[in-house]
Amino acid sequence: MKNYDIERHVTGESQFVDDIITPEGLLYASVCYSGKAHGEILRIDLSEAEKVSGVKVIFTSKDIPGDNQIGGIVPDEELLAEKEVEFIGQPVAVVVAEDQLSAREAARKIKVDIKDLPVITDPREAYKAGQLIVPPRTFNLGDVDNNWNECDYIVEGTVESGGQEHLYLETQGAFAYPVEGGGIKIVSSTQSPTAVQRVTSRILNLPMHKVEVDVLRLGGGFGGKEDQASAWAAMAGLAAFKLNRPVKLILPRQEDMRMTGKRHPYSSDFKIGLNKEGKILCYEATFYQNAGAAADLSPAILERTLFHCTNSYYIPNVKATAISCKTNLPPNTAFRGFGGPQGMFVIESAIFKAAEKMGVDPTEIQKKNLLDEGDEFPYGQRTENCHARITWQKAEEKYSIEKIRKEIKEFNAKNDIYKKGIAFMPICFGISFTNTSMNQASALVHVYTDGSISVSTAAVEMGQGVNEKIRQVAAKVFSVDIERVKTETTNTTRIANTSPTAASSGADLNGKATERACQYILKQLKEVAAEILEASSITHVKIIDEVVHLDGKKTELRWEELIKTAHLKRFNLSSHAFYATPGIHFDREKEKGRPFAYHVYGTAIVEVTVDCLRGIYKFDSVKVVHDFGKSLNPLIDKGQAEGAIVQGLGWMTIEEVIYDDNGKLLTDALSTYKVPDIHFTPNIEVDFLEDSENPWGIFKSKAIGEPPLMYGIGGYFAIMNAIKAFRPDRQFKISAPFTPEKVLMNLYSKKVEEKQSV
Ligand code: MTE
Ligand code: HPA
Ligand code: MOS
């Protein structure tokens, strides 16, 4: 698995925020946060904290020179709480000290007197109390209400899905220092340098041009640093600005886990109607999103739940409503899949329950309802180059599905305690930010006089390999050795007004912008070459592998010489270019449009073995035919798919975020929150769908970052099928994560779930 950063990571040379060589006079910041989930702040007593030696200053909301507001979509979140706290972990004060330990000790010694107010942690309860983040949204297709009587089977049910901790290896943090003229420079671990710049400038009441944000790379983001990196950067910025000293703020792991939001838990209702043949005619769903105490990105995540509520199926009559509920938990945020997984889990659950009712295998219903070319999604877009059926078919063929089924049957017949289960999981994921305006990026390319190339874009490297892909783009356009190309830090002074690196679109958007910038310089270079070679026009010249060719024939003119000459002849060797995805739009009044440039498809087969005496399980394999388009970098893409699959399985099975009724996070350490490790990881086989070329992607590739996470949903149903083999008489509740504990309870608890209504 070799890409750009690998050697540096392995040798420990790679730098993260906490590794940057810091200037003299560095101070350390630590955050004091609310210990109550809801209450009125009566008093903040700093006296004991101030006595800790080494403490310089303690900042509270009163010290903020600008607007104490960090909300991105909705202005509903203070940087430091003023009068009220709304979740445990909400920042109240920032201690700045000469050393890290003193800062942390002092933060613990701050006393915040809080008068308790009622705490709500459940989204349905919040809904009943009228606590919504934004008004509900509904997507409609066909006419659900008038088609239930066409259905032979109708099944209703409830589905729960849990949160998920991002667990990026590098915790949240930033390093800020003052620069001349009253400005601030911030090195931040953020997916969105512009968001950090905007928030900090608002907090400090500075024009954006006085706040420079620089990002080298992240030790993972997974969506957790799309919106939630800004607060820490703004706090470090505030301290640096007020004290005129460099300040570093790095969250310790446990504070990171307590203070930051996670994947949104959802509680959902469904009603699905099918005819005798297993065609789904009607589908109705209501999603209660547990948003936490502030909007953060919840409205956008809610929207993507609706976009993906029918996954890769065509359903003629759909009504889906999504409700963002305000609770007293840390604001939940972007997480790989961005609400899509939660929507897909519900339709898969509905199909599973319908199959149970009809007495058929769920795969029969899944297969029968897969999207075909030209089918309409509930949001008005139609499929183009639809690969839903082909990936399913290829998966059946490649992995000899009949043989697998036979083996499982035999195994289950022979074994009393151990049971194997299998599930198919098809996916269809839309690529583009659902907010059309965000689909833009730019690139700044310099060719230096020695022939080396520097590329700056809006893309943030977080382990997903986007830098390597950008290098490939530049190397390919110029037809030079990739070693000549260096990607620079992501910096708001070089590349302005950036969208976050998110929505799996980093390589697409920034790759396209890079291609354009390189093409401009290439044109200049061809003009120089045509002049030197006395060609009548640039159409006669071409650079192939660093050598200029004239009418298809090699010349003596090589890359380095060409660049030197271009400079002497005073040609421009730098270019900035902009890219905005064409052809996308969405009307939020009508809830119709063409929000996505394209869709990513694939089909996974997940196999599991469950120990039905103990409730524990082991995933045997995940086999996937995935549509990568024409992969730009198969090794990176395969790594992305594998990582996402394991992360998806973790979300569905062993990763359990638990808050108590007072809103306190109980799973706030790696001893209580279990993530997949190498022992958990099954054999994963990822095969590339052949002959797929994506006209919308960079060099015909497709985005890869998020879609494969949703194959993990198959893990849930593979377990379901295994335990059904053990207890065919039972119906099981659908509530992810399906921890071993829950598997056991389902198998042996007295209370059998009420029969599904018909
Ligand atoms: N891979 C690694 N190693 N680390 C990450 O933080 N984030 C994921 C995905 N893959 C992530 C990752 C998420 S949530 C997204 S949106 C995409 O990468 C973002 O990068 P891209 O747009 O370049 O694919
Ligand atoms: N996906 C991921 N991140 C986002 C999106 C999206 O559609 N919109 C805003 N941030
Ligand atoms: Mo990814 S959740 O769009 O950062």
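In each ligand, atom 1 is the first atom listed, and ligand 1 is the first ligand listed. Side-chain atoms are counted along with the backbone in the values below, which use heavy atoms only and exclude waters and symmetry mates.
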Salt bridge [X]-[Y], side-chain N to carboxylate O under 4.0 Å:
X      : Y      : result
Arg258 : Glu255 : no
Lys592 : Asp587 : no
Lys623 : Glu685 : no

| query | Is ligand 3 under 4.0 Å from a heavy atom in the side chain of Ala502, in the backbone, in both, or in neither? | reply |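 Looking at Ala502 and ligand 3, atoms from backbone and side chain both fall under 4.0 Å.
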Under a 3.5 Å cutoff, is there a donor and acceptor pairing between the side chains of [X] and [Y]?
X      : Y      : answer
Asp637 : Ser631 : yes
Asn140 : Tyr379 : no
Gln289 : Ser324 : yes

| field | Those protein residues which place at least one heavy atom below 4.0 Å from ligand 2 | value | Glu226, Arg304, Phe338, Phe433, Thr434, Met438, Ala502, Ala503
| If we only count N/O pairs under 3.5 Å, is Gly337 in contact with ligand 3? |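 Between Gly337 and ligand 3, no N or O pair is found under 3.5 Å apart.
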Side chains of residues 699-707: which donor-acceptor partners sit under 3.5 Å, not counting sequence neighbours?
unit_1 : atom_1 : unit_2 : atom_2 : d
Ser701 : OG     : Ile698 : O      : 2.7
Lys702 : NZ     : His599 : O      : 2.7
Lys702 : NZ     : Asp627 : OD2    : 2.6
Glu706 : OE1    : Ser504 : N      : 3.1
Glu706 : OE1    : Ser504 : OG     : 2.7
Glu706 : OE2    : Gly337 : N      : 2.8

Quick one: nearest non-hydrogen protein atom to [atom], plus distance?
atom                    : value
atom 1 (Mo) of ligand 3 : Glu706 OE2, 3.7 Å
atom 4 (O) of ligand 3  : Gln191 NE2, 2.8 Å
atom 2 (S) of ligand 3  : Arg336 N, 3.2 Å
atom 3 (O) of ligand 3  : Ala503 N, 2.6 Å

| query | Where the side chain of Glu303 meets the backbone of Thr305, is there a donor-acceptor pair that is under 3.5 Å apart? | reply | no
| message | If you take the centroid of each ring, where Trp contributes its six-membered ring, are Phe596 and Phe307 closer together than 6.0 Å? | response |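 So the answer is yes for these two rings.
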| request: Name all pairs fulfilling the salt bridge (charged side-chain N to carboxylate O under 4.0 Å, His left out) condition that reach into residues 490-503, sequence neighbours left out, sorted by first residue then second. | output: Asp214-Arg494
| said: Among Lys225, Arg217, Arg253, which residue satisfies the salt bridge (Lys or Arg N to Asp or Glu O under 4.0 Å) criterion with Glu170? | reply: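 Among the candidates, only Lys225 passes.
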| Is the Lys NZ or Arg CZ of Arg516 less than 6.0 Å from the centre of Phe578's six-membered ring, within 45° of the axis? |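 Judged by the rule (NZ or CZ under 6.0 Å from the ring centre, within 45° of its axis), Arg516 is not positioned above Phe578.
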| request: Using a cut-off of 6.0 Å, state whether more than 12 heavy atoms not belonging to Lys674 lie near its atom NZ. | output: yes
| request: Below 4.0 angstrom from a heavy atom of Gly223, which ligand 3 atoms are there? Numbered from 1 as shown, please. | output: 2 (S), 4 (O)
| request: Taking only heavy atoms of Phe335 into account, list the atoms of ligand 3 that are under 4.0 Å away from them. | output: 2 (S)
Starting from the N and O atoms of ligand 1, find every protein N or O within less than 3.5 Å and list the pair with its distance.
unit_1   : atom_1 : unit_2 : atom_2 : d
ligand 1 : 1 (N)  : Gln640 : NE2    : 3.0
ligand 1 : 3 (N)  : Gly463 : O      : 3.3
ligand 1 : 4 (N)  : Met462 : O      : 2.8
ligand 1 : 6 (O)  : Gly221 : N      : 2.7
ligand 1 : 6 (O)  : Phe222 : N      : 2.9
ligand 1 : 10 (N) : Arg336 : NH2    : 3.3
ligand 1 : 10 (N) : Gln640 : OE1    : 2.7
ligand 1 : 20 (O) : Gln464 : NE2    : 3.0
ligand 1 : 22 (O) : Ser505 : N      : 3.1
ligand 1 : 22 (O) : Gly506 : N      : 2.6
ligand 1 : 23 (O) : Gln464 : NE2    : 3.1

